[in-house]
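Data block below; observations after.
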Amino acid sequence: MIRIVLLLLPVSTAVSLPAVPNSGRIPVESMAILTGKSLCGSMVLHQATCDSILFSALTPSNAMEYICGLCLTAALSLLATYLDVVKASLAGKRRERLWEQHDISSKESLSPVLALVEKVRWTVRTKAIKAGLTFLSALLKYLTMLIAMTFNIGLILAACLGYALGSLIFEKDNEAFANGY
């Protein structure tokens with residue numbers, strides 16, 4: 001009987017727990033204590049070590065697992081940077097090789113127009129590799145973004161550190177290498 005009555009009630013009259021209003025005077029940590037909710041999964045910047053990292057199975061239960069999560073986050077962003085650099089170098093090497101193979105000014109080429117078309121033409125294999133690298137890079141960047149959306153300062157800094165290290169390690173400064181540094 002009671003179940004039937006509850007089902008017939010409109011949604012707006014459903015029983016709910018009273019909310020604790022926060023007018024900005026109570027710190028978020030105190031609100032967590034008052035409401036009985038932890039900072040894990042909250043929408044404010046925090047340093048809780050219990051946030052799940054992408055999947056509920058990747059929820060650290062101690063400090064060592066949290067540090068492994070930080071390393072995983074840094075590795076994802078580092079790998080995304082590496083894939084971007086590989087994709088850019090693939091495009092650059094392909095263009096350089098085409099320019100070396102077909103010199104427009106050489107008398108061996110039948111037509112300067114045909115040689116120019118050959119220089120800028122991409123093969124299906126090269127385009128497929130470039131598309132695959134773009135897919136993987138975008139996937140890793142979106143996964144890193146989802147990790148950062150936990151608002152966990154440690155995970156955000158790990159992602160930024162991974163991107164910075166990737167840039168430092170993998171990206172070549174053309175001017176510095178040209179000058180021999």
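Predicted model, so just to flag it, every value in this text is computed and none were measured.
- In this structure, L70 is a member of the same hydrophobic cluster as F55, with clusters built from ILVMFWY side-chain heavy atoms closer than 4.5 Å.
- Here the straight-line distance linking atom CG of L165 with atom SG of C160 works out to 11.5 Å at 0.5 Å rounding.
- Between the CG atom in L143 and the CD1 atom in I53 there is a gap of 12.5 Å [rounded to 0.5 Å].
- Within the 4.5 Å cutoff, side-chain heavy atoms of L54 are placed close to those of L146.
- Using modelled atom types, one side-chain atom of T144 and one backbone atom of L140 make a donor-acceptor pair closer than 3.5 Å.
- For the atom pair CG of L155 and OG1 of T73, the computed distance is 4.5 Å after rounding to the nearest 0.5 Å.
- Scored by the side-chain contact (heavy atoms from CB on, under 4.5 Å) test, Y82 finds L79, V86, F170 as partners (sequence neighbours excluded).
- The minimum heavy-atom distance linking Y66 with A48 is given by the pair CE1-O, 3.8 Å.
- Evaluation of the side-chain contact (heavy atoms from CB on, under 4.5 Å) rule for I129 yields L90, R125, L133 as partners, not counting sequence neighbours.
- L78 and L76 fall within a single hydrophobic cluster, where Ile, Leu, Val, Met, Phe, Trp and Tyr side chains are chained together by heavy-atom contacts under 4.5 Å.
- Hydrophobic clustering of Ile, Leu, Val, Met, Phe, Trp and Tyr side chains at less than 4.5 Å, counting indirect connections, unites L72 with L139.
- Checking side-chain atoms of T59 against main-chain N and O of S56 turns up a donor-acceptor pair under 3.5 Å.
- In this structure, the side chains of E171 and T81 come closer than 4.5 Å at one or more pairs of heavy atoms.
- Residues H46 and I153 fail the side-chain proximity criterion, which asks for heavy atoms closer than 4.5 Å.
- Counting all heavy atoms, side chain and backbone alike, S77 lies closest to A158 at OG-O, 4.1 Å.
- In this structure, the side chains of L45 and I156 come closer than 4.5 Å at one or more pairs of heavy atoms.
- Follow the hydrophobic side-chain contacts under 4.5 Å out from V85 and you reach L161 in the same cluster.
- Across all non-hydrogen atoms, the minimal contact from A80 to K141 is CB-CG, 4.0 Å.
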